[in-house]
J.: 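Starting off with a structure, shown below.
Note that these values count all heavy atoms, side chains included, but never hydrogens, waters or copies made by symmetry. Everything quoted here is computed from the prediction, not taken from an experiment.
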Amino acid sequence: MNEHYEDIMSFIEDEDIRFIRLAFVDISGIQKNIAIMPSELKRAFTDGIAFDASSIHGFGDELSSDLFLKPLPHTIQILPWRPSEGRVARMFCNIYKPNGEEFELDSRRLLENAVKEAAKKGLSFNFGAEFEFYLFKRDENGAVTKIPFDHAGYMDIAPEDRGEDIRREICLTLLDMDIFPESSHHELGPGQNEIDFRYSDALTSADNAVTFKSVVSSISDINGLYADFSPKPLEDAPGSGLHINMSVRSADGKDHSQSMLAGVLSHISEITAFLNPSPCSYKRLGKDKAPKYISWSKENRSQLIRIPAAKGEYKRIELRSPDPLVNLYAAYSLLIYAALDGIEKGLEPPEAIDINLYTAYEALTNRLDRLPESLEEAMNAARKSDFVRKSIPKGFL
């Protein structure tokens, strides 16, 4: 601890940091934080900073409500949109009980354990996220409306695309935080945007996703707008997805991609409640390039999983069902365990469905398994699942 403490304190002094946000997420993946002064950092590293867990969604009741945050030094980042004098930094934290035990509903720790389990088997996973979101105007009092910021279409340019400057500001802010977006563009819906990330290891990817949503919300607010990450904010417009790209590497060089694909397909119904955690998530599925059936194909955007036309280190599978309300720490954990199950059992994926499922005859689609069509159906599948019970603490349900 002393080495980390001295390094962090030197960094804080050099960068004129006056406030430190200790960040974590609730079981829904929503970022929370408590701010401390640099003088409290040593206590944070040694004893942790206490907070009222009974006020955090899913963390428990008033009977046993004290939990402690201990910061992770390597996650420190300056928040560029905050004041340049008396700057603000953020560190992600692990969560502990008063007796020093790990808190079982700590989402980041859940993913950390999944990564360690994969490493024991000589496997490492990389993830990349593709976020879609809407930008809505605020009224004269600053209240959120459902009026889109523009009415541009897919990959339109300015002046129709009014979100261009906002996306650029978001991307430049992310670069200042050493987070590397790959591309950004206007999406299909009015005021809908997409920003994609370069792949990275599971924990870094999930941390970056949490940071991304915070950056988008903050930059949008500074510009008088509201960033909406819900899966179906407008009834008559395309929903917003969060496509997850994942790949696996083996220490012995063996290709496990097909077994990874098969493992994810075999468990997808059981984990859909975690990938699509809102009732409105199911208004999006089956429409506007969002999947409905449990199937896969190469390059085909009507499928649940597609294999993009990529080479070398960029080869991956793309899961198209999740939406931006997902807790990515939990989602990545379940996807890793599903892939490990497929690899350990040597599963092979079913035959690829190389057709457009949005225009396919019912004679074909009736033979295909479907994703759950409601949150209730998805929750029932999760509750009955031995795989889910084995992979994730009961409290997440």
Side-chain angles (χ1 to χ4, degrees), residues 130 132 153-154 187-189 192 231-232 234-246 256-310 315-323 326 331 334-335 338-339 341-343 345-388:
E130 301 176 5
E132 295 173 346
Y154 187 67
E187 256 296 336
L188 284 167
Q192 190 181 29
K232 192 68 173 174
L234 298 174
E235 287 291 335
D236 57 349
S240 290
L242 192 164
H243 300 156
I244 294 176
N245 296 279
M246 61 183 293
H256 295 286
S257 58
Q258 290 296 291
S259 292
M260 174 180 67
L261 169 60
V264 172
L265 286 174
S266 69
H267 292 296
I268 193 67
S269 290
E270 302 158 80
I271 66 175
T272 290
F274 300 94
L275 304 177
N276 304 93
S278 163
C280 66
S281 297
Y282 299 84
K283 296 179 180 179
R284 164 184 162 265
L285 295 177
K287 303 173 184 176
D288 299 306
K289 297 187 178 181
K292 180 177 183 178
Y293 302 99
I294 300 175
S295 59
W296 74 281
S297 180
K298 293 182 178 179
E299 305 175 31
N300 188 334
R301 283 179 167 81
S302 72
Q303 308 287 333
L304 171 65
I305 293 179
R306 78 180 188 104
I307 312 297
K315 290 182 67 175
R316 63 200 188 275
I317 68 171
E318 178 187 88
L319 180 64
R320 298 177 60 80
S321 61
D323 64 59
V326 67
L334 288 165
L335 290 171
D341 189 53
I343 292 168
K345 293 177 179 176
L347 299 182
E348 291 292 331
E351 183 179 352
I353 306 295
D354 296 320
I355 61 171
N356 185 346
L357 289 177
Y358 299 123
T359 58
Y361 293 111
E362 286 189 10
L364 170 65
T365 57
N366 286 342
R367 299 201 305 266
L368 299 176
D369 292 330
R370 298 185 179 192
L371 291 169
E373 296 183 345
S374 68
L375 181 58
E376 181 180 8
E377 183 182 340
M379 288 290 290
N380 286 335
R383 290 190 184 102
K384 296 175 183 177
S385 169
D386 291 334
F387 171 78
V388 168

J.: Working to the nearest 0.5 angstrom, can you tell me the gap between Ser295 OG and Ile305 CD1?
T.: 9.0 Å
J.: Is a side-chain N or O of Gln303 found less than 3.5 angstrom from the main chain of Asp354, in a donor-acceptor match?
T.: no
J.: Working to the nearest 0.5 angstrom, can you tell me the gap between Met260 CE and Ile343 CD1?
T.: 7.0 Å
J.: Find the distance between CZ (Phe387) and CG (Asp341) and round it off to the nearest 0.5 Å.
T.: 6.0 Å
J.: Contact between Asp323 and Pro277 at the side-chain level, heavy atoms closer than 4.5 Å - yes or no?
T.: yes
J.: Can you find a pair of side-chain heavy atoms, one from Asp369 and one from Ser269, that are under 4.5 Å apart?
T.: no
J.: List for me each residue that meets ring-ring contact (aromatic ring centres under 6.0 Å, His included) alongside Tyr154, sequence neighbours excluded, and say none if there are none.
T.: His185
J.: Grab the two heavy atoms, one from Pro238 and one from Gly189, that are nearest each other, plus how far apart they are.
T.: CD-CA, 3.9 Å
J.: With heavy-atom distances below 4.5 Å as the criterion, would you say the side chains of Ile353 and Tyr293 are in contact?
T.: no
J.: Give, for atom CG of Leu347 and atom CD of Gln258, the distance between the pair rounded to the nearest 0.5 Å.
T.: 11.5 Å
J.: Among Gln192, Lys232, Arg284, which residue satisfies the side chain to side chain donor-acceptor pair (under 3.5 Å) criterion with Ser240?
T.: Gln192
J.: Do the side chain of Trp296 and the main chain of Ala262 share a donor and acceptor less than 3.5 angstrom apart?
T.: no
J.: Taking the side chain as every heavy atom from C-beta outward, state whether Asn276 and Leu375 have any atom pair closer than 4.5 Å.
T.: no
J.: What distance separates Arg320 CZ from Ser302 OG, expressed to the nearest 0.5 Å?
T.: 8.5 Å
J.: For the residue pair Leu319 and Met246, establish whether any side-chain heavy-atom pair is separated by less than 4.5 Å.
T.: no
J.: Are the side chain of Ser385 and the backbone of Ala382 linked by a donor-acceptor contact shorter than 3.5 Å?
T.: no
J.: Check step by step if side chain to side chain contact (heavy atoms under 4.5 Å, CB included) holds for Leu368 and Ile294.
T.: CA-CA 7 Å; Leu368 299 176; Ile294 300 175; over 6 Å; no
J.: Hey, mind stepping through Leu275 and Ile268 against side chain to side chain contact (heavy atoms under 4.5 Å, CB included) and telling me if it holds?
T.: CA-CA 9 Å; Leu275 304 177; Ile268 193 67; 3.6 Å; yes
J.: Under a 4.5 Å cut-off applied to non-hydrogen side-chain atoms, are Thr272 and Tyr282 in contact?
T.: yes
J.: Output yes when Glu373 and Lys292 qualify as a salt bridge under the 4.0 Å nitrogen-oxygen rule, no when they do not.
T.: no
J.: Rounded at 0.5 Å granularity, tell me how far NZ in Lys315 sits from CD1 in Ile307.
T.: 9.0 Å
J.: Are side-chain heavy atoms of Ser374 and Pro279 found at a separation under 4.5 Å?
T.: no
J.: Can you check whether Arg306's main-chain N or O pairs, donor with acceptor, with Glu318's side chain at less than 3.5 Å?
T.: no
J.: Between Pro372 and Leu285, which heavy-atom pair has the shortest distance, and what is it?
T.: O-CD1, 4.3 Å
J.: Measure across Ala352 and Ser297 and return the closest heavy-atom pair with its distance rounded to 0.1 Å.
T.: CB-CA, 4.3 Å
J.: Measuring only between side-chain heavy atoms, which start at C-beta, is Leu357 closer than 4.5 Å to Asn300?
T.: no
